[in-house]
Asks: 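Sharing a structure with you now.
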Amino acid sequence: MSHTIFTKEDILRIAKEENVRFIRLQFTDLMGSVKNVEIPFSQLEKALDNKMMFDGSSIEGYVRIEESDMYLYPDLDTWVIFPWVTEGKVARLICDIYLPDGRPFPGDPRGILKSALKQAEEMGFTAMNVGPEPEFFLFKTDEKGNPTTELNDQGGYFDLAPMDLGENCRRDIVLTLEEMGFEIEASHHEVAPGQHEIDFKYADALKAADQIQTFKLVVKTVARQHGLHATFMPKPMFGMNGSGMHCHQSLFKGEENAFYEESDKLGLSQTARHYMAGVLRHARAFAAITNPTVNSYKRLVPGYEAPCYVAWSASNRSPMIRIPASRGLSTRVEVRNPDPAANPYLALAVMLAAGLDGIKNKMQLPPPTDRNIYVMSEEEREEQGIPSLPLNLKQALDELIRNDVICEALGDHALAHFYELKEIEYDMYRTQVHQWERDQYLSLY
């Protein structure tokens, strides 16, 4: 999204010139789904004056019926016209949610990330830069347009056509994103058949989270035009790699990267080391946010390139945190456990809160783990102080609720609603009888 700062007048003028008929006022619910209130052009001025109301009681994890009125405050910099609508154009604005008395709504995920960033600012950091790498699968759809479990290709990592039938779809996704102001750095086929990754240029955390939400919308929309279904489900297929959303992150003070230290042999500053120590310390607790579904924990198993152990390394890809090779302004830490089912606002907020806690308390970074953790025995891992990430959503929720730093970053409202919704989700899964069990036990017993 280019750095044009729009004014209210600009938006009204552009909308008129471009014949925009509808505007979608977008926001994100607690579970990470994009919601929108669509208004006709005639209501745009009212929306830009922060006077648009909606009923918050119908949104997952928002509020009860008796306190349902909410206001949408559009962020003018998120103005964009969707390139795929030809008849009567549609534009969108991403909004913050406010209460009728003018206070920010404490359960708004975007507001929660803003609060975490404010805390970083109070500690002297002017920006958190994030480069996200969301992966997805493309499945064929049936004649009714419903997703099947048939993958659209048999391609592998970095394969070229004709193996990669998703290539045309992926190219269209990239072109659409570029038309919407994204800077695409790379797009390629991932390791598993049907799996793809498109990396866009890093941005400050708030914009990066907005971009992830826009990205998901574009990917799903363009895939549908190709007769395909795009899914960000973390592990759609057994025996294949799952989809991650690695988050490259660094803190800046003005023009200076606070994570870079020239004299250090890894080029990492003390600040970067304390930040990583904080992320590792709180990783088991924020997993419920970065890996928020029952299915997320099917991805975090040995053997499929996803991290299952809380450790770091500059070279090795099995730990949770990797230090990419570039230095100077590009010095950054790559946190590899998040998956694309995560609510990006909440995921970035909790990782930042964990890192800032490390900086505040000058936490000591454990030594790096440069050998393959997957081949270590449990005793070896314990000896080296390498804990595992939670094994399932229930364990993750238990860790979350016990961790003051992460709970505080989410705030009481979001925490209570998130926890409750996820407990129900886990319970439904736990009590369901799955096909695997019938295959395994029905004849045996």
Side-chain angles (χ1 to χ4, degrees), residues 112-133 201-209 246-287 289-290 307 310-316 319-338 344-370 385-387 403-406 408-410:
I112 290 168
L113 176 55
K114 280 184 161 180
S115 301
L117 291 165
K118 204 174 159 69
Q119 211 188 347
E121 211 172 300
E122 282 160 11
M123 290 170 64
F125 301 106
T126 48
M128 175 198 197
N129 278 344
V130 179
E133 301 177 346
K201 191 176 163 61
Y202 70 86
D204 65 82
L206 191 67
K207 190 182 261 185
H246 302 165
C247 290
H248 295 254
Q249 43 203 282
S250 56
L251 293 175
F252 269 65
K253 290 188 168 183
E255 301 297 301
E256 298 290 304
N257 184 342
F259 280 8
Y260 177 57
E261 173 54 64
E262 202 177 347
S263 60
D264 179 77
K265 71 173 195 296
L266 286 177
L268 291 175
S269 67
Q270 275 308 315
T271 301
R273 289 168 183 272
H274 294 323
Y275 185 93
M276 285 159 66
V279 170
L280 293 172
R281 164 79 56 92
H282 296 294
R284 286 177 57 84
F286 67 57
I289 304 294
T290 53
V310 182
W312 74 281
S313 167
S315 50
N316 186 342
M320 192 186 111
I321 297 183
R322 189 175 77 91
I323 310 299
S326 32
R327 289 296 169 260
L329 283 177
S330 307
T331 304
R332 60 192 188 273
V333 303
E334 178 188 16
V335 183
R336 304 179 68 253
N337 67 300
Y345 301 101
L346 297 182
L348 294 180
V350 293
M351 286 188 281
L352 177 57
L356 293 177
D357 189 54
I359 294 171
K360 250 184 283 191
N361 294 304
K362 296 199 164 30
M363 283 180 195
Q364 278 316 107
L365 183 64
T369 306
D370 292 329
I386 301 173
N403 186 299
D404 293 346
V405 171
I406 304 303
E408 202 179 308
L410 293 168

Asks: Where do His282 and Met363 land on the side-chain contact (heavy atoms from CB on, under 4.5 Å) test, with the steps shown first?
Replies: CA-CA 12 Å; His282 296 294; Met363 283 180 195; 4.1 Å; yes
Asks: Looking just at side-chain N and O atoms, do Gln249 and Tyr275 make a donor-acceptor pair shorter than 3.5 Å?
Replies: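 Yes, side-chain donor-acceptor contact under 3.5 Å.
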Asks: To the nearest 0.5 Å, what is the distance between CE on Met320 and CG on Asn337?
Replies: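 Rounded to the nearest 0.5 Å, the CE-CG separation comes out at 4.5 Å.
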Asks: For residues Glu133 and His248, is any side-chain donor paired with an opposing acceptor at under 3.5 Å?
Replies: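 Yes - a donor-acceptor pair under 3.5 Å links their side chains.
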Asks: With a 4.5 Å limit on heavy-atom distance, are the side chains of Val335 and His246 in contact?
Replies: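 Answer no - side chains too far apart.
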Asks: State, with a plain yes or no, whether a side-chain heavy atom of Met123 is found less than 4.5 Å away from one of Leu356.
Replies: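 In short, these two side chains touch, coming nearer than 4.5 Å.
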Asks: What I'd like to find out is whether the side chain of His274 reaches to under 4.5 Å of the side chain of Gln364, using heavy atoms alone.
Replies: yes
Asks: Heavy-atom count around Lys362 NZ within 6.0 Å, excluding the residue itself: above 12?
Replies: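 Atom NZ in Lys362 is not packed in, count stays at 12 or less.
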Asks: Do side-chain atoms of Asn361 reach the backbone of Asp357 as a donor and acceptor pair under 3.5 angstrom?
Replies: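 Pair found, side chain donor or acceptor close to backbone of Asp357.
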Asks: Working to the nearest 0.5 Å, report the span between CD1 of Ile406 and CD of Glu408.
Replies: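 The CD1 atom of Ile406 sits 10.0 Å away from the CD atom of Glu408.
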Asks: With the side chain counted from C-beta on, respond yes when Val130 and Tyr202 share a heavy-atom pair under 4.5 Å apart, and no when they do not.
Replies: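 SC-SC contact between Val130 and Tyr202 ruled out.
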Asks: Measure the shortest side-chain to side-chain distance between Ile386 and Val310 over non-hydrogen atoms and say whether it is less than 4.5 angstrom.
Replies: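 Not touching, per the 4.5 Å side-chain cut-off.
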Asks: To the nearest 0.5 Å, tell me how far Met128 CE sits from Cys247 SG.
Replies: 8.0 Å
Asks: Should we count CD of Glu261 as having more than 12 external heavy atoms under 6.0 Å?
Replies: yes
Asks: Are the side chains of Arg284 and Pro387 in touch, meaning some heavy atoms are under 4.5 Å apart?
Replies: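 They are in contact (side-chain heavy atoms under 4.5 Å apart), so the answer is yes.
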Asks: What distance do Phe259 atom CZ and Leu268 atom CG have between them, rounded to the nearest 0.5 Å?
Replies: 9.0 Å
Asks: In the structure I gave you, are the side-chain heavy atoms of Ser313 and Pro319 within less than 4.5 Å of one another anywhere?
Replies: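 Contact flag for Ser313/Pro319 side chains = yes.
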Asks: Counting only heavy atoms not in Glu122, do more than 12 fall under 6.0 Å of its CD?
Replies: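 Above 12, so yes.
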Asks: Could you please spell out the steps behind the side chain to side chain donor-acceptor pair (under 3.5 Å) verdict for Ser250 and Asn129?
Replies: CA-CA 5 Å; Ser250 56; Asn129 278 344; 4.6 Å; no
Asks: Can a donor-acceptor pair be found, under 3.5 Å and without considering hydrogens, that links the side chain of Trp312 to the backbone of Ile323?
Replies: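 A pair under 3.5 Å: no.
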Asks: Quick one: CD1 on Ile112 to CD1 on Ile289, what's the gap to the nearest 0.5 Å?
Replies: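 Taking CD1 in Ile112 and CD1 in Ile289, the distance rounds to 8.5 Å.
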Asks: So do the side chains of Leu266 and Thr331 get within less than 4.5 Å of each other, counting heavy atoms only?
Replies: no
